[in-house]
Amino acid sequence: MTNKLHTSAQTQAIFSSLSQSLGLQPFILSKLAIALSIRKGVLSDIDFQTDNDGLELNRQTIFGEHDLIFKSLITNTEKKALDEEKYFPSIVKAHLDRGAVLLENEKKYSKDFYNHLCHLDSTL
């Protein structure tokens, strides 16, 4: 069982940029990115087609004490049972990389990023 993953180079660049502009560290950005990806729904095959040339993150850094909650949310989103080897790092990395792009877009197109994230689903 592996406890580390490597993000894509694109995710690393996005996290670096967001970290500089927002002052947030990768452990916070990763949770936000995964949450946005979960919100988008089931992963597609293209979400798995990313490189491994970015940040090295361990499972504890990404999830902290919320590991079981995120695993439950991801399992529910994917609508199938996920064995541990498939879940981490493969599915988590796909959600993380897809979510980083979504997070960057939310930052680009919002005037008040934090307020925008807090009220993202309030108009649905």
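The chain is numbered in sequence order, starting from 1. As a basis for the values below, the full set of heavy atoms in this structure was taken, side chains included, without hydrogen atoms, waters or symmetry mates.
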- Message: Go through it in stages, so that I can follow the logic: the residues are K107 and S21, the test is side-chain contact (heavy atoms from CB on, under 4.5 Å), and I'd like the CA-CA distance, side-chain angles, deciding distance and then a yes or no.
- Response: CA-CA 10 Å; K107 172 69 171 99; S21 65; 3.6 Å; yes

- Going through the distances and angles, do R59 and K4 end up as a side-chain contact (heavy atoms from CB on, under 4.5 Å)? CA-CA 6 Å; R59 190 170 180 163; K4 293 183 180 184; over 6 Å; no

- In sequence, state the C-alpha distance, the side-chain angles, and the governing distance for I14 and L103, and then conclude on side-chain contact (heavy atoms from CB on, under 4.5 Å). CA-CA 9 Å; I14 291 169; L103 189 60; 5.5 Å; no

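A heavy-atom distance below 4.5 Å is found between the side chains of L36 and L120. Counting heavy atoms from C-beta on, the side chains of K40 and L102 come closer than 4.5 Å. Between I91 and K86 the shortest side-chain heavy-atom distance falls below 4.5 Å. Considering only heavy atoms from C-beta on, K31 comes within 4.5 Å of F70 through its side chain.
Within 6.0 Å of the CG atom in D112, the count of heavy atoms belonging to other residues, nucleotides or ligands exceeds 12. Shown here is Y109, whose OH atom has no more than 12 heavy atoms of other residues, nucleotides or ligands within 6.0 Å.
In this structure, CD in E56 is found 8.5 Å from CG in L5, a value given to the nearest 0.5 Å. Distance check: L18 CG to F113 CZ gives 6.5 Å after rounding to the nearest 0.5 Å. To the nearest 0.5 Å, atoms CG (L96) and CD1 (I34) are separated by 5.0 Å. Residue L82 holds its CG atom at 9.5 Å from OG of S90, rounded to the nearest 0.5 Å. Atom CD1 of I62 and atom CG of N3 lie 10.0 Å apart (nearest 0.5 Å).
Counting all heavy atoms, side chain and backbone alike, L29 lies closest to S19 at CD1-N, 4.1 Å. Of all non-hydrogen atoms in E78 and L43, the two that sit nearest each other are OE2-N, 3.2 Å. Residue F27 comes nearest to T61 through the heavy atom pair CB-O, 3.2 Å, listed as atom of the first residue, atom of the second, then distance. Heavy-atom minimum distance, S8 versus K93: N-NZ, 3.8 Å.
With respect to E84 and K71, a salt bridge is recorded, a charged nitrogen being found less than 4.0 Å from a carboxylate O.
Classification of the F88-F63 ring pair by plane angle, with boundaries at 30° and 60°, yields perpendicular.
Side-chain N/O atoms of H95 and S37 include a donor and acceptor closer than 3.5 Å.
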